[in-house]
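To start, the structure under review is shown below, and the notes come after it.
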Amino acid sequence: MTDAVRTHGLFKRFGPQVAVAGVDLAVPAGSFAGLVGPNGAGKTTTLSMITGLLRPDGGAAQVDGFDVWRDPVQVKARIGVLPEGLRLFERLSGRELLIYNGRLRGIPRAEVERRAEELLQVMDLTDAADKLVVDYSTGMRKKIGLAAALLHNPSVLFLDEPFEGVDPVSANTLTEVLRRFTASGSTVIFSSHVMDLVERLCDWVSVMNGGHIVAQGPIAEVRAGRSLNQAFLDLVGARGNGEEGLSWLGAKP
Amino acid sequence: MSTFALFAQLKLRLISGNLRGATERKIGFIFSVLAALFLGGLGFLLMSLLRLARPDIATDLGIVAYSAFAVGWAIIPLMSFGLDDTLDPARLALFPLRTRELAVGLFASSATGVWPLATLLALAGSLVGLPRGWSGVLVGIPAVLLAFALCLVLSRLVTTALSGALRSRRGRDALAVAAIGLVLVFQLPNLVVNRGIGDPAALLKDAAAVLRWTPPGMAAHAVAAGGLTALGELAVVAVAVVLVAWLWIKTLNRALVTPEATTRAASVRRSKGVLDRLLPDGPLAAVVFKEVRYIRRDPRFRVGWLVSVVVTGVLAFSMSGQGGGQPAVVIGITCLGAAMIGAQLSNAYGIDGRSLWMNAVVYGSEQDLRRDFAGRHLAASMVAVPLLALLALAAGFFAGDLGASLAGMLTAWGVFGIALGTGAVTSVLIPYTVPDRLNAFTGAAPGQGGTAFLGSMGAMMATGLLALPVVLPVILGLSWLSVLALPYGVAATLVGERIAGKIGRMRMPEILDAVTKPA
């Protein structure tokens with residue numbers, strides 16, 4: 001099986017702090033992969049480096065066999081990205097945003113308009129299509145962002161915390177679209193710390209802690225009979241159960 | 001007092017924290033420190049030189065200077081590109097701070113910085129220049145401190161009060177335009193002087209006679225006069241400071257708890273632009289499509305365009321009265337307008353800011369970036385070219401020399417092209433974050449004020465230098481040379497786009513980092 005994404009010793013430091021300390025990530029093509037880890041484990045930094053948004057201090061990253069930093073044209077044509085917290089072009093309407101994105105990638109206008117219309121319908125955004133993105137809610141933003149990332153039919157899709165702040169109805173729409181996408185042989189990699197969601201959706205999981213990959217493989221292998229949540233806590237080393245100290249917390253004055 | 005020290009320290013830490021690890025920001029910071037020290041020193045010198053003037057004229061000048069400082073502090077933060085935004089009060093909202101502590105703290109953080117220091121320095125110059133006796137010096141020290149405090153609280157009051165209105169998107173747009181009206185009002189005296197109504201000495205006397213009764217004027221008068229009257233005046237100034245501070249804190253408290261005014265989400269028309277219909281389908285058309293909408297919908301663009309047009313218009317009106325139909329004035333002013341409009345694209349990626357990643361994940365080659373700049377430049381030209389023609393005609397009309405308009409128009413188009421070219425290069429070399437939040441007028445994220453200063457100054461100076469060989473001969477009378485300006489400008493734009501494409505492709509992650517600083 002070929003790998004959709006493979007990194008070798010990916011490394012990044014911010015001043016004295018090492019954010020990513022030599023990550024060897026491997027995600028087979030066609031998988032629905034989850035990248036999990038506690039806050040500050042380096043998930044976002046890793047994804048930013050693979051998508052060419054952040055320059056690594058060392059190591060290499062490949063998407064579909066193309067080096068991200070030596071062959072950016074090939075890589076950028078193949079990936080779709082939805083970063084966390086970053087903004088969209090807020091002063092365009094949802095429809096205009098999709099059309100801009102598609103045409104920027106050289107897709108003919110008529111084709112872009114057709115795809116945009118379908119995506120808006122699937123994402124249930126038709127009513128809001130002509131409103132400015134600046135007035136969208138969090139869920140609507142994630143949906144229009146995902147639509148923009150899917151528009152050029154990428155072979156690998158990177159999503160950073162796609163479900164954070166999204167209501168259950170929108171989340172359901174998102175997962176349905178992503179399932180259809182991977183069923184067609186494309187790859188999805190998303191970061192999250194909601195274990196239930198990862199367990200439900202993914203067939204491949206990479207666990208990060210302190211800038212390293214601590215476990216990686218098919219989800220059943222990583223779980224090894226436990227729930228993913230328990231496996232995760234075992235892997236990253238649960239830090240006490242919160243009973244020592246804090247005696248003042250909840251004490252009535 | 002401990003609150004004061006705590007907040008001053010906090011501000012210093014914010015400044016130094018923002019400088020860590022970025023060389024161009026350090027350079028920018030050093031640059032703005034030097035500029036502030038230079039201007040502060042110059043202010044000190046000029047104020048102390050008042051000693052050589054006749055006492056009554058010195059007093060009048062002092063009064064006008066003090067008032068100018070206060071007005072400057074109230075207005076400049078609204079438009080400036082170089083001033084740091086002080087500690088955001090919204091971040092303190094959840095701490096159990098008493099109003100008094102909050103006031104002292106925010107005052108302390110406002111007072112900490114190089115520009116406040118420069119102001120204090122310049123004001124202190126009046127201690128040398130104005131007093132005619134020891135009592136004046138003694139009264140002068142508190143007077144200077146009070147005037148300084150007045151500047152700070154006035155500035156905070158204005159920005160905070162406007163911030164409230166700026167919370168809603170529509171309010172922000174409206175206020176941005178209103179602020180330009182305010183600037184116009186302050187330009188009026190200038191217009192009057194330049195139109196040759198009244199002589200400067202009488203005007204100074206009249207102005208001082210009125211301003212003398214405002215708080216900053218009273219502070220200045222107190223320094224000059226000394227004695228018991230001065231003490232009375234100081235008391236009034238102190239009351240004014242406390243009053244303004246009280247108003248500021250009241251406004252602040254209200255601003256912090258008032259919910260954001262809901263903006264009804266309005267639908268936009270689905271339309272194609274003119275250029276969009278003419279251009280072949282593809283990425284270039286996509287960029288133009290987006291950029292034209294941004295020029296129309298983003299208040300930051302609208303403010304920029306309006307400021308350039310208003311400033312140029314005012315200059316054209318006032319200068320022509322003085323120059324009396326000099327073609328050089330018409331040409332010079334139109335070219336200045338062209339440079340100002342062009343300079344708005346000297347931080348092209350800064351306006352994209354946190355949405356720049358959408359382009360960054362698409363652009364992989366130099367050609368992509370070059371096309372991006374070309375699209376932005378085309379969109380801007382669509383507005384700027386007819387606008388500059390209009391400006392040239394207006395300047396010619398005011399000057400009574402419509403013949404100069406043609407040369408002015410052609411040269412201005414050339415200068416605009418040069419500004420676009422240099423702007424493309426500074427966009428990739430010295431990018432900085434343009435915040436989009438409460439205060440629509442803040443030019444740069446905290447700690448990046450220096451970078452912004454360096455970026456816009458660099459773009460302006462490069463434009464000026466490159467424009468000289470064509471503008472100078474035209475101004476000196478060789479009007480036919482203006483025919484060459486346009487091709488020269490287009491060439492400069494193309495070269496700028498090419499250089500920017502090369503540098504930009506290599507620096508994209510760094511640019512992305514620079515324009516997404518927390519603000």
Side-chain angles (χ1 to χ4, degrees), chain A residues 14-16 48-49 51-56 68-69 71-77 79-83 85-97 99-113 127-137 145 148-149 152 154 158, chain B residues 20-21 169 262-272 276 279-291 293-301 351-368 371-372 375 436 505-513 516 518:
Chain A
F14 296 107
S48 299
M49 287 192 286
T51 50
L53 293 175
L54 183 69
R55 196 188 300 284
V68 173
W69 293 94
D71 215 344
V73 181
Q74 291 292 338
V75 170
K76 286 181 175 179
I79 61 172
V81 186
L82 179 60
L86 287 178
R87 305 208 315 178
L88 309 158
F89 282 109
E90 311 273 311
R91 303 269 164 178
L92 298 181
S93 71
R95 188 193 312 272
E96 286 169 346
L97 183 79
I99 290 175
Y100 169 67
N101 249 278
R103 297 177 79 196
L104 199 60
R105 289 181 180 272
I107 308 171
R109 179 162 188 140
E111 174 65 14
V112 174
E113 279 175 354
D127 290 341
D130 291 317
K131 296 194 163 60
L132 297 190
V133 176
V134 73
D135 297 324
Y136 276 22
S137 67
H152 59 292
F158 295 90
Chain B
R20 197 152 37 183
R169 193 155 55 78
T262 44
T263 34
R264 267 196 315 279
S267 287
V268 293
R269 270 184 308 129
R270 286 153 71 175
S271 60
K272 293 185 181 185
D276 201 40
L279 285 170
D281 190 19
L284 180 67
V287 177
V288 174
F289 169 91
K290 179 208 101 189
E291 206 63 13
R293 274 154 189 78
Y294 258 72
I295 291 175
R296 211 170 52 207
R297 292 179 192 161
D298 194 321
R300 289 172 296 178
F301 269 103
I351 296 271
D352 286 353
R354 299 181 80 77
S355 22
L356 179 60
W357 67 270
M358 293 200 95
N359 288 345
V361 294
V362 179
Y363 294 153
S365 67
E366 259 174 61
Q367 208 202 346
D368 288 335
R371 210 163 33 205
D372 183 64
D436 179 22
R505 196 189 79 84
M506 291 183 298
R507 271 175 58 88
M508 202 30 121
E510 284 74 24
I511 294 172
L512 201 58
D513 178 58
T516 49

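Summarising the geometry, atom CG belonging to L53(A) is positioned 11.5 Å from atom CG belonging to D513(B); distances are rounded to the nearest 0.5 Å. Between E510(B) atom CD and R55(A) atom CZ the span is 4.0 Å, to the nearest 0.5 Å. In this structure, N359(B) CG and Y100(A) OH are separated by 3.5 Å, a value rounded to the nearest 0.5 Å. Here CG of D368(B) is found 10.0 Å from CZ of R105(A). Values are rounded to the nearest 0.5 Å. Here the CG atom belonging to L92(A) is positioned 9.0 Å from the CE atom belonging to M358(B), to the nearest 0.5 angstrom. L54(A) contributes atom CG, which lies 14.0 Å from atom CE of M508(B) (distance to the nearest 0.5 angstrom).
Here the closest non-hydrogen pair linking P509(B) and G52(A) is CG-O, 4.4 Å.
Contact of D71(A) with chain B is not made at all, since no heavy-atom distance falls under 4.5 Å. In this structure, no portion of R371(B) lies under 4.5 Å from any heavy atom of chain A. If you measure heavy-atom distances from A148(A) to chain B, the contacts under 4.5 Å come from the side chain alone. With a 4.5 Å cut-off on non-hydrogen atoms, L104(A) touches chain B through its backbone and its side chain both.
With sequence neighbours excluded, the residues that form a salt bridge (charged side-chain N to carboxylate O under 4.0 Å, His left out) with D281(B) are R103(A).
For the pair R505(B)/P72(A), a side-chain contact is recorded, criterion being any heavy-atom separation below 4.5 Å from C-beta on. With a 4.5 Å cut-off on side-chain heavy atoms, E96(A) and F289(B) count as touching. In this structure, the side chains of V73(A) and Y363(B) stay at 4.5 Å or more apart for every pair of heavy atoms.
K76(A) places no side-chain N or O within 3.5 Å of a backbone atom of V361(B) that could act as its donor or acceptor partner. W357(B) places a side-chain N or O within 3.5 Å of a backbone atom of R87(A) that can act as its donor or acceptor partner.
Taking a cutoff of 4.0 Å between a charged side-chain nitrogen and a carboxylate oxygen, E90(A) and R354(B) do not qualify as a salt bridge.
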